[in-house]
Amino acid sequence: MRVLVTGGAGFIGSHIVTALLAAGHDPVVLDALLPSAHAAVPERPPVGFTHADVRDAAEVRAALTGVDAVCHQAAMVGLGKDFADAPDYVACNDLGTAVLLSQMAEAGVRRLVLAGSMVVYGEGRYECVRHGQVRPGARRPEDLAAGRFEPRCPACGEELAPGLVGEDAPADPRNVYATTKLAQEHLASAWARAVGGTAVSLRYHNVYGPGMPRDTPYAGVASLFRSALARGEAPRVFEDGGQRRDFVHVRDVAAANVLALEAVAVLPAGALTPYNTGSGEPHTVGEMAAALARAHGGPGPVVTGEFRLGDVRHVTADSSRLRRDLGWEPETGFAEGMADFALAGLRAPARPGHASVLDG
C-alpha cells in the first residue's frame with residue numbers, strides 16, 4: 001500500500017514512516033519543514049519526499065499521485081502561548097485539512113487516517129457518589145488561584161472520582177487547539193459522507209518518546225520536563241501535580257497508525273470512526289516528572305501551583321475499542337518508556353523568531 005504521510009518528517013510522522021516501511025508498505029512524505037519544528041533541515045527520509053505545505057493544493061495533488069491512503073499528521077499542536085495563536089492554529093489545522101481532503105476527493109483517494117486527539121473531550125469522565133456520572137463545567141480562575149484544582153459536582157459541589165472516557169462521550173473542547181482538532185474530525189466526516197470515503201481518527205493521548213521537539217511552548221509536557229532535565233534544571237510541575245493523563249509511547253502510536261491504515265479498507269464507508277489511542281496506564285503528571293528525573297539522574301520536580309486556564313484536570317482513555325477492532329496492543333509500559341525517554345535524544349530547539357508550528 002502506498003501511503004502519503006503528511007508531516008512525515010516530524011516527531012510522530014517520522015516514526016509512522018519507519019513503522020510503515022517495516023510492515024512492507026510504501027510511504028511517501030509531504031512536510032513543510034517549518035523552521036519552528038526543524039531547527040536544521042533534516043536528512044530527507046528514505047522514501048519519496050515533497051517539501052511543501054499541506055495548504056498548497058497543487059503540491060498536495062501532485063503528492064497524491066498513485067497513493068492508496070493518507071495518514072494526516074501535519075498540524076500545529078499544544079496550547080501555544082496565548083489566544084493570539086488562534087489564527088495560526090485554524091489555518092494550519094483546519095484549512096490545511098480542508099485543502100488536503102479537497103485534493104483527495106479530486107484524486108479519488110478514499111482512505112484516511114487522521115491524527116486526532118483526546119483534547120476533544122475537554123474534561124474526562126467523572127462520577128459523583130450522589131449524582132452518578134456528571135460533566136463538570138470549566139474550572140473557575142479564582143478556584144485555580146486558590147489551589148482548588150479538582151472539578152466539583154455541578155449539582156452538589158462534592159468531590160468527583162475520575163474515570164476512563166470512551167469515544168462516545170460528548171465533545172467539549174476547552175481551548176483553541178482542541179477546537180481545531182474537533183473541526184478536523186468534522187471535516188473528515190463530511191468528506192467521507194460526500195465521496196464515500198472511509199476515515200479513522202486516532203485520538204492520541206499524551207504521546208512521548210525519542211525525537212520530541214525540545215524547548216518550545218508548543219510541545220507536550222513530557223518534552224518540557226525532558227528539556228528542563230537536559231538543561232540541568234528541575235521539571236516545573238503545574239497545579240499540584242495530581243493531573244491524571246495517559247502517556248503513550250510514540251512507537252505504539254506508530255503501530256496503531258499502521259493497523260488503522262491496513263484496516264481502513266474494510267471499515268464502513270461514508271463515515272469517520274474514532275479510536276482512543278492510549279496506553280491504558282493512567283498516571284499523574286507529577287509521577288511522570290518524578291520518573292523522568294530519577295531515570296535521568298537530574299534534580300527532582302518542583303511543584304509550582306501555577307496553572308493555565310486552557311488545561312483540564314483529568315482525562316484518560318478507554319482504548320478498548322482500538323484493541324478489540326484492530327487488535328492493537330501497546331508494547332511499551334510506563335516505567336520502561338520513561339526510563340528510555342529520560343536518556344533519549346530530542347529534536348533540536350526551534351530556530352528563534354518563529355512561532356512553533358509542529359508539522360508531525
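Taking the six-membered ring where the residue is Trp, Phe49 and His51 present tilted rings, their angle falling between 30° and 60°.
Separating the CZ atom in Arg308 from the CZ atom in Phe238 is a distance of 6.0 Å, to the nearest 0.5 Å. Taken to the nearest 0.5 Å, the CG atom of Leu259 stands 7.5 Å off from the CG atom of Leu322. Here CG of Asp311 is found 9.0 Å from CG of Leu144. Values are rounded to the nearest 0.5 Å. Taken to the nearest 0.5 Å, the CG atom of Leu160 stands 6.0 Å off from the SG atom of Cys128. A distance of 10.5 Å separates CG in Asn93 from OG in Ser117, rounded to the nearest 0.5 Å. Atoms CG and CG, from Leu326 and Leu267 in turn, are 6.5 Å apart once rounded to the nearest 0.5 Å.
Salt-bridge check for Asp94 with Lys181: failed, with every basic side-chain N at 4.0 Å or more from each acidic carboxylate O. The pair Asp172-Arg135 meets the salt-bridge criterion, since a charged nitrogen lies less than 4.0 angstrom from a carboxylate oxygen. Looking at Glu150 and Arg139, no side-chain N of the basic residue comes within less than 4.0 Å of a carboxylate O on the acidic one, giving no salt bridge.
When atom types are taken as modelled, the side chain of Ser279 and the backbone of Asp246 share no donor-acceptor pair closer than 3.5 angstrom. Side-chain atoms of Arg323 never come within 3.5 Å of backbone atoms of Trp328 as a donor-acceptor pair (strictly under, hydrogens ignored). Using a distance-only test at 3.5 Å, with no hydrogens or angles considered, a donor-acceptor pair links the side chain of Asn175 to the main chain of Ala178. Formation of a donor-acceptor pair under 3.5 Å by the Glu167 side chain with backbone atoms of Asn276 is found in this model. Judged by distance alone, with hydrogens and angles left aside, the side-chain atoms of Arg226 form a donor-acceptor pair with the main-chain N or O of Phe341 at under 3.5 Å. Looking only at distances, a side-chain donor or acceptor of Tyr126 sits under 3.5 Å from a matching main-chain atom of His314. For Ser319 (side chain) and Gly278 (main-chain N/O), a donor-acceptor pair under 3.5 Å exists by modelled atom type. Asp143 contributes no side-chain N or O that, together with a main-chain N or O of Arg148, makes up a donor-acceptor pair within less than 3.5 Å. With Glu127 contributing its side chain and Gln133 its backbone, the two residues share a donor-acceptor pair below 3.5 Å. Remark: the backbone N or O of Ala52 is not paired with any side-chain donor or acceptor of Thr50 at under 3.5 angstrom.
Side-chain contact, Arg193 with Ser189: a donor N or O sits under 3.5 Å from an acceptor N or O. Side chains of Thr6 and Gln73: a donor-acceptor N/O pair is absent below 3.5 angstrom, by distance only. At a cut-off of 3.5 Å, with distance as the only test, a side-chain donor of Asp325 or Tyr275 sits close to an acceptor on the other residue.
With sequence neighbours excluded, the residues that form a side chain to side chain donor-acceptor pair (under 3.5 Å) with Ser320 are Asp318. In terms of the ring-ring contact (aromatic ring centres under 6.0 Å, His included) criterion, residue partners of His249 (sequence neighbours excluded) are, by chain and number, Tyr208.
No more than 12 heavy atoms of other residues, nucleotides or ligands lie within 6.0 Å of CZ in Arg130, so this atom counts as exposed by the packing criterion.
Each of Val165, Asn206, Val120 was checked for a side-chain contact (heavy atoms from CB on, under 4.5 Å) with Val315, and the lone residue meeting it is Val165.
Val253 and Phe334 end up in the same hydrophobic cluster when Ile, Leu, Val, Met, Phe, Trp and Tyr side chains are linked at under 4.5 Å. Under a hydrophobic-cluster definition in which Ile, Leu, Val, Met, Phe, Trp and Tyr are linked whenever side-chain heavy atoms come within less than 4.5 Å, directly or via other members, Met338 and Val285 are assigned to the same cluster.
Between Leu112 and Leu101, some side-chain heavy-atom pair lies under the 4.5 Å cut-off.
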